[in-house]
Amino acid sequence: MMLGGGGLPAILGQAAPPRWQAKTVRLFLRHTWTTTMGSYEYRDTVHVRFEHDGVVGYGEGAPIVRYKEDAPSTKHAVESLFSWLESVNPWQFAKVMDEVTRRLPGHWAAKAAIDIALMDWVTQRLGIPLYRYFGLDPAATPLTSFSIGIDRPDKIKEKVQEAEPYPILKIKVGVPGDEDIIEAVRSVTNKPIRVDANEGWPDKELALRKIRWLEKAGVELVEQPMPAPMIEETRWLRQRVHVPLIADEAALRPEDLPRLREAYDGVNVKLDKCGGILAAWRMIQLARALGMKVMLGCMVSSSVSITAAAHLAPLVDYADLDGNLLVANDPFVGVRVEHGRLILPDRPGLGVVPVREHNPWA
Ligand code: MG
């Protein structure tokens, strides 16, 4: 007897050969999304589909502009591996991902898309939700924050009011006038707020002034206050402030962590930066071994990528998994958020299901 849903077609001799496909999906944003890096009405992510033995695994990668990734090159990178991927044994997924890393220098979103589809397929075949593969308690997910992009103070107030169901807010700053943004937020809510400066304060004295001011405004943590290369200056800053400093742009992959441990209290782990679920798990374990706090973050993406990350959320201190909530045409449903709590699907695999009217694979 074979495991999972793949048994019957195989027994009936209907099993099709393994097949990988990729597609770019345009995700339209509910609000124009502005950070220190730019302003967007939509984001394109690359979706992949892996079908084998009657089971379909879904994956997604969100190319990160900051690292010179885009959807066409990500899709091309993924597709360049398809004929090889169709020849390998997916049960040897860890070996397969090591080989993907070797064959595909850079292209972290492409790696993430392949890894997510593989792990979805494997855990569906095992008949277990992904969190169970890692031995995790789905009730132990932290509350997720909801992100508010840079905007005029009156628009910020509106967005904060719209974000009423979410108990923690993550506010994008790092621009001139960012005190006005925080004052606008504080004028309408006293919820916990986290701040992401996206490398916006390139001077340590400026960063110190900003953070001391933010501490008085009751900010819980500050993400990436200074540019990623300014590790020494960030170490200096950390010695002078009380709130935890979290590395995002400075910490892409596990190997970045040892040199950051003196400068940052924690790290924001994202599947699209490190190359997928297996790499994110390793990065979380290493951060723990180094005594660092862990945030699980995301890019703007659909419920495929967000749900994949959410299955690891029981391992972390802070969740910032709202990328799908910012999208108006999410092609999948998966993890849900209730009063800020991440509710993991109980179905085998990622547990994501295409939404009929937006299904990219229909
Ligand atoms: Mg960030």
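Excluded from the calculations below are hydrogen atoms, water molecules and symmetry mates; all remaining heavy atoms, backbone and side chain alike, are included. Every number for a ligand or one of its atoms is a count from 1 in the order of the listing. All residue numbers in this chain count up from 1 along the given sequence.
In this structure, Lys273 contributes its side chain and Ala251 its backbone to a donor-acceptor pair below 3.5 Å. The backbone N or O of Trp108 lies less than 3.5 Å from a partner atom in the side chain of Glu69, making a donor-acceptor pair.
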Tabulate below the donor-acceptor pairs under 3.5 Å that side-chain atoms of residues 228-235 make, not counting sequence neighbours, or state none.
unit_1	atom_1	unit_2	atom_2	d
Glu232	OE2	Arg235	NE	3.3
Thr234	OG1	Met230	O	2.6

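Within 6.0 Å of atom CZ in Arg19, 12 or fewer heavy atoms from other residues, nucleotides or ligands are found, so the atom counts as exposed in its surroundings.
Using a 3.5 Å distance cut-off with no hydrogens or angles, the side chains of Thr45 and Glu60 do pair a donor with an acceptor.
The cationic atom of Lys210 (NZ for Lys, CZ for Arg) does not lie both less than 6.0 Å from the six-membered ring centre of Trp213 and within 45° of the ring axis.
Below the 2.8 Å limit, the Mg ion (ligand 1) has as protein N, O or S neighbours Asp196 OD2, Glu223 OE2, Asp248 OD2.
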